[in-house]
Q: 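Would you mind keeping the following structure in view while I ask a few things?
So that the names make sense, note that chain A is the first sequence line, chain B the second, and so on, each numbered from 1.
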Amino acid sequence: MNLTPLTAGFFDRPTLDVARDMLGVLLIRDDETGYRAGRIVETEAYTQDDPAFHGWGIVDRHTGLIKPDGRGYDLFAKPGTSYVYLIYGMYWLLNVVTEREGVGGAVLIRAVEPMHGIDLMYEGRPAARNERELANGPGKLTQAFGVDKSQHGIMLTEPPLYFAADPAVAPCTISTSCRIGITRGIDLPWRFFVDDSPYVSPGIPSDIAAERRREPERRR
DNA sequence: ACGAGGATGCTCT
DNA sequence: GAGCATCCTCGTG
């Protein structure tokens with residue numbers, strides 16, 4: 001598998017473009033633990049001016065300086081840097097930093113279609129009952145790939161963890177929706193996914209979830 | 001099939 | 001003390 005990693009230049013672009021262009025790209029972990037690869041089928045974009053962004057509000061309006069102790073400071077790092085964080089005290093979520101250094105932005109990798117290293121993925125994810133459940137969610141794919149805090153802040157442009165264009169590119173239809181699991185910025189349609197992929201996460205976009213909460217009955 | 005609730009730890013108020 | 005870019009289990013139909 002001699003695949004050329006995507007370079008920092010790929011991520012040094014508007015975050016929405018990167019998020020869309022990452023669909024169909026391979027996520028690869030290649031190190032002493034083994035070789036794992038999966039095709040990305042779902043992403044979400046988070047930008048500096050986005051209330052759901054971890055780095056939201058840490059840029060001083062007057063000086064333009066970024067508070068170095070603020071949460072999300074690492075989201076202003078060099079494009080191609082990893083941003084891994086713990087959610088709900090239990091699950092690690094993998095992002096790749098976008099935009100030029102000093103500008104905040106990231107793409108959350110939400111789901112991949114397992115391609116290689118399936119057995120290794122099951123070892124990290126004993127709850128998975130089939131291949132589809134190995135990595136159809138942002139917390140699941142980090143378990144399948146063994147990603148945790150130790151991969152935070154590394155460059156995702158070289159082993160052990162990197163992205164690569166799939167040589168066997170399959171044409172696909174891309175859809176968008178609002179993002180999943182958030183309470184702020186819920187109306188921004190910044191989730192991208194491969195339309196007909198069974199490996200997309202089962203989550204419900206936040207705007208639809210909020211609507212259902214308002215009207216609990218009314219079914220079919 | 002679907003919904004409710006719990007797990008669990010870090011950050012911010 | 002609340003909220004969180006989630007997932008799993010166990011109820012009820």
Q: Rounding to a whole Å, what distance do you find between A:Asp148:CG and C:dT6:C1'?
A: 16 Å
Q: Look at the side chain of A:Arg110 and decide which nucleotide, out of C:dA5, C:dC8, B:dG3, has an atom nearest to it.
A: C:dA5
Q: Which heavy atom of A:Gly34 sits nearest to which heavy atom of A:Leu120, and what is that distance?
A: CA-CD1, 3.8 Å
Q: Under 3.5 Å, is there a donor-acceptor pair between the side chain of A:Arg125 and the main chain of A:Gln143?
A: no
Q: Under 6.0 Å between ring centres: does that hold for A:Phe163 and A:Phe11?
A: yes
Q: Nearest heavy-atom pair of A:Ser82 and A:Leu94: which atoms, and what distance?
A: CB-CD1, 4.4 Å
Q: Find the distance between CZ (A:Phe145) and CD1 (A:Ile28) and round it off to the nearest 0.5 Å.
A: 8.5 Å
Q: When the nearest nucleotide of DNA chain C is assigned to A:Leu141 and to A:Thr183 on a heavy-atom basis, which residue is associated with the more 5' position?
A: A:Thr183
Q: What base-paired stems does DNA chain B take part in, with at least 3 consecutive Watson-Crick or G-U wobble pairs and both distances under 3.5 Å?
A: B:1-7 with C:6-12, B:9-12 with C:1-4
Q: By nearest heavy atom, map A:Glu133 and A:Ile180 onto DNA chain C; which one lands nearer the 5' end?
A: A:Ile180
Q: So, does A:Glu113 use its side chain to make a donor-acceptor pair with the main chain of A:Val41 at under 3.5 Å?
A: no
Q: Within the structure shown, what part of the strands sits under 4.0 Å from A:Arg125 by heavy-atom distance: base, sugar-phosphate, or nothing?
A: sugar-phosphate
Q: Between B:dG6 and C:dA2, how many Å separate the two P atoms, rounded to a whole number?
A: 15 Å
Q: Roughly how far apart are A:Asn136 CG and A:Glu131 CD, rounded to 0.5 Å?
A: 11.5 Å
Q: Rounding to an integer number of Å, can you tell me how far A:Arg184 CZ sits from C:dA2 C1'?
A: 13 Å
Q: Tell me: CD1 of A:Ile204 to P of B:dA4, nearest whole Å?
A: 11 Å
Q: Expected output is a numbered-order residue list: members of residues 49-59 of chain A with a heavy atom under 4.0 Å from any atom of DNA chain C. What is it?
A: A:Ala52, A:His54
Q: Going by the side-chain hydrogen bond (donor to acceptor under 3.5 Å, both in side chains) test, which pairs reach into residues 198-209 of chain A, not counting sequence neighbours?
A: A:Glu42-A:Ser201, A:Arg110-A:Ser201
Q: Side-chain heavy atoms under 4.5 Å apart, restricted to Ile/Leu/Val/Met/Phe/Trp/Tyr: what other residues fall into the cluster of A:Phe76, or is it alone?
A: A:Tyr46, A:Phe53, A:Trp56, A:Ile58, A:Val59, A:Ile66, A:Tyr73, A:Leu75, A:Tyr83, A:Tyr85, A:Ile87, A:Tyr88, A:Met90, A:Tyr91, A:Leu93, A:Val97, A:Leu108, A:Ile182, A:Ile186
Q: Using a 4.0 Å heavy-atom cut-off, write out nucleotides 6-13 of chain B from 5' to 3' as B (base contacted by protein), S (sugar-phosphate only) or - (no contact).
A: -BBB-SS-
Q: To the nearest 0.5 Å, what is the distance between CG on A:Leu23 and OG1 on A:Thr43?
A: 4.5 Å
Q: For A:Glu99, what residues pass the side chain to side chain donor-acceptor pair (under 3.5 Å) criterion, not counting sequence neighbours?
A: A:Thr15
Q: Calculate the interatomic distance between A:Glu44 atom CD and C:dT6 atom C1'; express it in whole Å.
A: 12 Å
Q: Quick one: A:Tyr83 OH to C:dA5 P, roughly how many Å, whole number?
A: 9 Å
